[in-house]
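Only a predicted model underlies this, so the values are computations on that prediction, with no experimental measurement involved. Proteins get letters first, then strands, A, B, ... in listed order; numbering begins at 1 in each. Reckoned from all heavy atoms, side chains included, excluding hydrogens, waters and symmetry mates.
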Number of protein chains: 2
Amino acid sequence: MRIGELGQATCVDPETIRYYERIGLLPAPVRRTNGYRAYGLAHLERLAFIRHCRALDMPLADVQRLLHLLDHPLDDCLDVDRLINTHLAHVQGRLQSLQALARQLEQLRGRCHGRHTTAECGILHELVAAAQGEGCVCHDGSAPNSPEVI
Amino acid sequence: MRIGELGQATCVDPETIRYYERIGLLPAPVRRTNGYRAYGLAHLERLAFIRHCRALDMPLADVQRLLHLLDHPLDDCLDVDRLINTHLAHVQGRLQSLQALARQLEQLRGRCHGRHTTAECGILHELVAAAQGEGCVCHDGSAPNSPEVI
DNA sequence: TAAAAACCTTGTAGCCACTACATGGTCAAG
DNA sequence: CTTGACCATGTAGTGGCTACAAGGTTTTTA
Ligand SMILES: [Zn+2]
Ligand SMILES: [Zn+2]
Ligand SMILES: [Zn+2]
Ligand SMILES: [Zn+2]
């Protein structure tokens, strides 16, 4: 397989594949005489694994660790469990804050009806008031310096 | 106010405040004779507004647009409504996929019990199988045309 | 009074996971 | 023989910060 064919087969942009190789996530394949990368089935499977983990929103560093464990089948798998649990906790935390966030945005949405100037806009008023107020997300110490929601 | 005091008052890192100034989000304040930035109440309110919008996870480009509308109170506010709606749709979409993702991770979590090698790890097996399989997030729809393997 | 600390300034580089060029080589179809 | 689709490398940009480095200023402390 050339890189374009591998990309087709996995729905991954060839530039992304080269990027994975550059950062050491995907092993460098052999080259044809013209310099083109020549991939085999092992590469396809490894790339599919990477993309599946990415679809689970794992950071590439975690994927790297999982790949390493796959390459060392006799290692203790304690790390796998820990990694998944940590990642799940992270995702659940983000779910919580996203839900709170959606609620706030839904409240805002109703406040702008018909044609009017921005001076009369309920959304802008609400945003300004909330930013001054005390009961808002960004002033209650929960996430003071880093919004870090999505 | 010096930059550190403004940062204290708004829970924003001074480096972030300078960053906002650099990208044109916060107007450059006057300077003292020693070169220190001197902020007033207007800056504090503007920064609070920015952080509140960021806590709602709006991108800075959107915040920029809202600030512009605040500065032009006679403009039509149609854009405000559209902006909030678009953003809410974005958040809700993200919420959906995050929920699906949490479910998948919860399924994975149960598959790694007791001490065993990575070769026997249910999580790794599941991840590999899912990556090869058809029903997974990252292989949706588009049938991978099998390219010739070298 | 001097030393130490905490502040401030500018500039640059790094983070993540890509993405988009720019510039040039290779190959198959018409 | 030209066109166009590929491929190669390298560099730079994205967003929203964060982390220095190397220096100047002010405040606190010994
Ligand atoms: Zn998958
Ligand atoms: Zn309105
Ligand atoms: Zn707020
Ligand atoms: Zn296991």
Side-chain angles (χ1 to χ4, degrees), chain A residues 1-26 28-39 43 47 49-67 87 90-91 94 97 138 143-150, chain B residues 1-26 28-39 43 47 49-65 67 87 90 94 97 138 145 147-148 150:
Chain A
M1 268 182 292
R2 285 171 302 161
I3 196 169
E5 294 168 314
L6 178 61
Q8 283 270 102
T10 53
C11 297
V12 179
D13 191 307
E15 304 224 50
T16 302
I17 298 175
R18 281 191 282 260
Y19 167 72
Y20 287 161
E21 179 182 326
R22 201 162 63 243
I23 64 171
L25 205 59
L26 205 56
V30 294
R31 301 291 183 123
R32 299 192 186 169
T33 48
N34 59 8
Y36 289 13
R37 289 169 177 82
Y39 293 101
H43 282 98
L47 183 54
F49 181 84
I50 294 171
R51 291 310 276 190
H52 187 70
C53 291
R54 286 294 299 134
L56 293 173
D57 203 33
M58 288 182 207
L60 289 181
D62 284 9
V63 182
Q64 184 88 284
R65 285 172 56 200
L66 290 181
L67 285 170
H87 183 49
H90 180 69
V91 166
R94 283 192 305 175
S97 45
C138 69
N145 220 350
S146 54
E148 195 194 339
V149 177
I150 288 242
Chain B
M1 264 182 296
R2 285 172 303 162
I3 197 169
E5 294 168 313
L6 178 61
Q8 283 270 104
T10 52
C11 297
V12 179
D13 191 306
E15 304 225 50
T16 302
I17 299 175
R18 281 190 281 261
Y19 168 71
Y20 287 162
E21 179 182 328
R22 201 162 62 243
I23 64 171
L25 206 59
L26 205 56
V30 295
R31 302 292 184 121
R32 298 189 186 171
T33 48
N34 58 11
Y36 289 13
R37 288 169 177 83
Y39 292 101
H43 283 98
L47 182 55
F49 180 84
I50 294 171
R51 292 310 276 190
H52 186 69
C53 292
R54 286 293 299 134
L56 292 174
D57 202 36
M58 289 182 207
L60 289 181
D62 283 11
V63 182
Q64 184 88 285
R65 286 171 57 200
L67 285 170
H87 182 49
H90 175 71
R94 186 69 184 144
S97 50
C138 68
N145 42 358
E148 58 170 314
I150 296 188

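Atom C1' of nucleotide dC17(D) and atom CD1 of I17(B) are separated by 13 Å, given to the nearest angstrom. Between the CG atom of L6(A) and the C1' atom of dC6(D) there is a distance of 15 Å, rounded to whole Å. At whole-Å resolution of the value, CD in Q64(A) and P in dA17(C) are 11 Å apart. At whole-Å resolution of the value, OH in Y19(A) and P in dC15(C) are 10 Å apart. The distance between atom CD of E21(B) and atom P of dT9(C), rounded to the nearest whole Å, is 9 Å.
When the side-chain nitrogen and oxygen atoms of R37(A) are compared with OP1 and OP2 of dT9(D), one or more of them lie within a distance under 4.0 Å. Using a 4.0 Å cut-off, some side-chain N or O of T16(A) falls inside it from OP1 or OP2 of dT19(C). At least one side-chain nitrogen or oxygen of R51(B) sits closer than 4.0 Å to the OP1 or OP2 atom of dC17(D). R2(A) has no side-chain polar atom (N or O) that falls below the 4.0 Å cut-off from OP1 or OP2 of dC6(D). Note on R22(B): every side-chain N or O is 4.0 Å or more away from OP1 and OP2 of dG11(C). Remark: Y20(A) is in phosphate contact with dC18(C), judged by side-chain N or O atoms under 4.0 Å from OP1 or OP2.
Heavy atoms of R18(A) sit under 4.0 angstrom from at least one base atom. Among the atoms of the strands shown, none is found under 4.0 Å from any heavy atom of R32(B). Here P14(B) lies out of heavy-atom contact (under 4.0 Å) with every strand. Counting non-hydrogen atoms under 4.0 angstrom, I3(B) reaches the backbone sugars and phosphates but no base.
Heavy atoms of other residues, nucleotides or ligands lying less than 6.0 angstrom from CD of E5(B) number more than 12.
Taking only distance into account, the side chain of E15(B) never meets the base of dC8(C) through a donor-acceptor pair shorter than 3.5 Å. Checked by distance alone, Y36(B) brings a side-chain donor or acceptor within 3.5 Å of a matching partner on the base of dG24(D).
H87(B) and L56(B) make their closest contact through NE2-O, 2.7 Å (heavy atoms, listed as atom of the first residue, atom of the second, distance). When all heavy atoms of L47(A) and T10(A) are compared, the pair lying nearest together is CD2-OG1, 3.4 Å. Residue G24(A) comes nearest to Q64(A) through the heavy atom pair O-OE1, 3.5 Å, listed as atom of the first residue, atom of the second, then distance.
Between H43(A) and Y39(A), the ring planes are perpendicular. Angles over 60° get that label, and only those under 30° would be called parallel.
The 5' end of DNA chain D is approached more closely, in terms of each residue's nearest nucleotide, by G4(A) than by the other of N34(B) and G4(A).
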